[in-house]
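Some notes on the structure that comes next.
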Amino acid sequence: MLRVKLHIILFAAVILITACHAGHSGPGADGRDSVYTAGYIQQISFEEPEEALALLDTAEGKRLLTPFEINALRCFVNHNGLSRYRAALFYGRKAYADPEARQHPDRLLPLLSYMAEDSHTNGDYGASVRYCAEGLDLARQQGSKTYEADFHVTWAKNLMIMAQHGEAFRHFDLGIGILDGEARKNADYHAWDELFYSIGLKLSALYETDRDEDAYAMRPQMEDALKGLEASKDVPDGLVEQRQSELLALLCPVAYSTGRKAEGDRLYRRLEANPVASTPEGEYIRIPGLVAAGRFDEALHYIRREKKLLQKNTDTVNWDYINPHLQAELEVWLGKGDVREVARVQAVMLALTDTLRQRERCDDALEWSSIYESEEKDARIKEEQQNADRWKLIAIAVIVVMLVGGSMGYVIVRKNRGISRRSLALVAQVKRQLADRRKLDGKIAENLALRDRLEQLRKELEEMKNADVKQTAQDNATSATPERNDARQVEADRILFERIVCEIKERELYRNPDFSRAELIKTIPVAQNRFARLFKQFAGMPFSAFIQELRLEYASKLFIKHPNWSTDAVIKECCMSRSSFYTLFAQKFGVTPEDFRKSVTEKLKSEDFANN
C-alpha cells in the first residue's frame, strides 16, 4: 500500500514539474538554442543585423534571455550593425531602467558607453555628459581604465560642440594620459590604436579652433603612438600603413598653416609615397594638404577623381559627400577666385542639404514608427506570456483534481473488493462520474481557450483598424508634401515599379539563391537610390523584405501542392535560412510552418472523405 502511494506521489511530481516548465526551451531543446546567446548575437550583429534582431525576437518569446539582456543587445545591434542611433538609444534607456542593470555593473559599463555616444550623435549633449559622468564613476569602481578613457574622450567631444574648449581639452588630456599608460603596460595593438585615435581627435580639435601651433606640437605624441602600433605583434596587415597615411594627412595642412612650408612639402611627399594614398580609394587624403599649400589645380584633379569614384560606387546624397568633398572643392574655387564655380558648388551643397534634411525627417518618422511597433510587439509578447502562465496554473489544478479523484477511486476499489454486486455497481458508477468529470474539465478548458482566442481576434481586429486609420493619415500627410505633387513622376515611378515586380514574378527570380538587387538593375537600369525609394513608396517595405514576402507566399503554395514534403525541403526550395524562415513565416501567417502544413493535410483528408 505504501509503495503504491509513493508511486502516485512521484508521478504527480513529474507531471507538475513538466507543467511548470511548459513553454520554456532549455539548452538544446530544439537544437538551435546555441544561437540564442549574447556572444553569438554580438558576433553576427555587424554582418547580419536583421538576423540578430530576429534571433532576439525569438529569444524574447521563448524567455531564453532576460529583458535587460534583450534590450541591451538590441541597443548593440542597432548601434553597430544598422547605425540606427535613435533606436539604439531607445533600447539602451530601456535596459538602463531595468533593475537588473544595477546587479551587473560589468554589463552596465558598456551600455553607458553606447548611450553616451548615441546621445552625442542624436544631439542630446547634456544627456551624453550625464552618462559620461556616471560611466566614469562606475569605470573607476570596476578598475576599467579603457572605459574610463573612453568616457573622458566622449565628454570632450560634447564640450567641443558646446564651445567649452578649455574643459574639453582637459578631458582629452585625461583620456589620452590613461590610454598612454594602458598601451605601454599591455603592448596590445588595440590599446595603441585607441591612443592614436584619441590624440588625432585632440589634434583635429586644436586645428579647428585655430590653435595651429598647439596642434603641431602634438606631432611627437602621435608619432610615438604610431611606433607603439608598429611594434605590436598582433597588429592586422595594412593597419600601420593606414594609420601612417592618416598621420601625414593630419600634419601636412597643420605644417602649412604654421608657416612651415618646407616641412609641409616634405610631409606631402611622404604622403604621396604611402601605399594607401596611392590607391584610388585613398587619394582623397592628399586634398587637405594641397589646399593648405595653395596647389589648387592639383587638389582639383584629385577632387574630380574622388567625385567620379564616389558617384560610381555609392550614393552621393549624404553629409560625408558635402563635407569634406564638396567643402574641399568650394575652398579650391575660393582660392582660385572663380566666383561662378563658387556659386555653383554652393548651390549643389544647398540642394543636397535640403534633400538630406527631408530624407532625415522621413527616416526619423520611419524609425519612430519602428520603435512604436516594437513597443506593441513587446506588449503582445508580455500578454502571451501571461496567458501561458494562466494556462499552466489551470493545467496544474486539473492534474491535481485528476490525481485526487484517481486516488479516491483506487482507495474505494481496494476497500470494496469482494463485496456485493450492489457495491460493485456503486464503484462502477463512481468511475463513470470521474470519467464524466474529466470530460467536463476538458470541455471547460476548451471553452476557456475559445474565449481567449475570440478576445485575441477582437484585439487584433481593433489594431488593424487603428493601423488603417494611421496609414490613411500618413498617406494624406505624404501627399501634402511638395515633392509628391508631380503626378506624372509618381505615375512613371509606379509603372517602373510594376515592371520590376513583373520581371521578378514572371522569371521567379526569388527562387534563385544568388539573386540580388545589383543583378536586377542590370536587366532594368535604374539608380540605386531610386530603386530603394520605389519599393518603400509602392511596396511599403524595403526590397529585401519584399523578396522575403514572395518567398513566403511561394512556401505556402508548396505546402498546399506538396503536403508530403518536409519543412526543410520547402525552406531549401525557397532559398531562405531556417531561423529567418520560421520567424518570418509565423509573423506573416500567424502559425508555425508545421501547424500550417498539418492544417493543409487535415483539410485534404476531410475533402477526400467527403468525395468518397
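Numbers for residues simply follow the sequence, beginning at 1.
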**Complete:** Residue set satisfying side-chain contact (heavy atoms from CB on, under 4.5 Å) with Ala54, at least two apart, ordered chain then number -> Thr583
**Prompt:** Distance only, no hydrogens: is a donor on one side chain within 3.5 Å (strictly under) of an acceptor on the other, for Tyr85 and Asn78?
**Reply:** no
**Prompt:** Do any pairs count as a side chain to side chain donor-acceptor pair (under 3.5 Å) and have a residue in residues 118-127, sequence neighbours left out, and if so which ones?
**Reply:** His79-Asp118, His120-Asn158
**Request:** Give the intermediate values and the outcome of salt bridge (Lys or Arg N to Asp or Glu O under 4.0 Å) for residues Glu223 and Arg219.
**Result:** CA-CA 6 Å; Glu223 290 177 340; Arg219 176 179 178 177; 2.8 Å; yes
**Complete:** For Ala191 and Ala183, the nearest pair of non-hydrogen atoms, with its separation, is CB-CA, 3.7 Å
**Tyr216 six-ring face occupied by Arg211 cation (under 6.0 Å, within 45°)** = no
What donor-acceptor contacts under 3.5 angstrom involve side-chain atoms of residues 494-509, with partners at least two apart or in another chain?
from: Glu503; atom 1: OE2; to: Arg507; atom 2: NH1; distance (Å): 2.7
from: Glu508; atom 1: OE1; to: Arg511; atom 2: NH1; distance (Å): 2.7

**Request:** Answer yes or no: is there a donor N or O on one side and an acceptor on the other, between the side chain of Ser278 and the main chain of Glu272, under 3.5 Å?
**Result:** yes
**Pair Asp150-Ser113, side-chain donor/acceptor within less than 3.5 Å** = yes
**Item:** Geometric cation-pi criterion, Arg295 with Tyr268: 6.0 Å, 45°
**Value:** yes
Can you list, pair by pair, the side-chain donor-acceptor contacts under 3.5 Å of residues 200-208, counting residues two or more places apart and other chains?
from: Lys202; atom 1: NZ; to: Asp173; atom 2: OD1; distance (Å): 2.4
from: Ser204; atom 1: OG; to: Gly200; atom 2: O; distance (Å): 3.0
from: Tyr207; atom 1: OH; to: Ser257; atom 2: OG; distance (Å): 3.3

**Message:** Tell me whether Thr279 contacts the main-chain N or O of Val276 through its side chain, where contact means a donor paired with an acceptor under 3.5 Å.
**Reply:** yes
**Item:** Gln221 CD to Ile199 CD1 distance, which is reported to the nearest 0.5 Å
**Value:** 5.0 Å
**Asked** With a 4.0 Å cut-off, would you call Arg488 and Glu491 a salt bridge?
**Response** no
**Request:** Please name all residues satisfying side-chain contact (heavy atoms from CB on, under 4.5 Å) with His301, sequence neighbours left out, ordered by chain then number.
**Result:** Arg305
**Request:** Ignoring hydrogens and angles, state whether a donor on the side chain of Glu549 or Tyr554 is under 3.5 Å from an acceptor on the partner side chain.
**Result:** no
**Prompt:** Is it true that a side-chain atom of Ser128 and a backbone atom of Ala116 form a donor plus acceptor pair closer than 3.5 Å?
**Reply:** yes
**Message:** Checking Glu230 now: which residues fulfil side-chain hydrogen bond (donor to acceptor under 3.5 Å, both in side chains) with it, not counting sequence neighbours?
**Reply:** Gln244
**Asked** Which residues pass the side-chain contact (heavy atoms from CB on, under 4.5 Å) test with Glu194, sequence neighbours left out?
**Response** Leu179
**Asked** With sequence neighbours left out, what residues match Glu48 under side-chain hydrogen bond (donor to acceptor under 3.5 Å, both in side chains)?
**Response** none
**Asked** What residues form a side-chain contact (heavy atoms from CB on, under 4.5 Å) with Asp234, not counting sequence neighbours?
**Response** Asp188, Tyr189, Ser232
Validation: residues 339-349 side-chain donor-acceptor distances under 3.5 Å, sequence neighbours left out:
from: Glu341; atom 1: OE1; to: Arg344; atom 2: NE; distance (Å): 2.7
from: Glu341; atom 1: OE1; to: Arg344; atom 2: NH2; distance (Å): 2.8
from: Arg344; atom 1: NH2; to: Glu329; atom 2: OE2; distance (Å): 3.0

**Prompt:** Got a donor-acceptor contact below 3.5 angstrom from the Tyr114 side chain to the Ala72 backbone?
**Reply:** no
**Prompt:** Residues in side-chain hydrogen bond (donor to acceptor under 3.5 Å, both in side chains) with Asn274, at least two apart?
**Reply:** none
**Request:** Using the test side-chain hydrogen bond (donor to acceptor under 3.5 Å, both in side chains), find all partners of Asp297 that sit at least two apart in sequence or belong to another chain.
**Result:** Lys336
**Message:** Against Phe543, only a single residue in Phe531, Tyr510, Phe538 fulfils ring-ring contact (aromatic ring centres under 6.0 Å, His included); can you say which?
**Reply:** Phe531
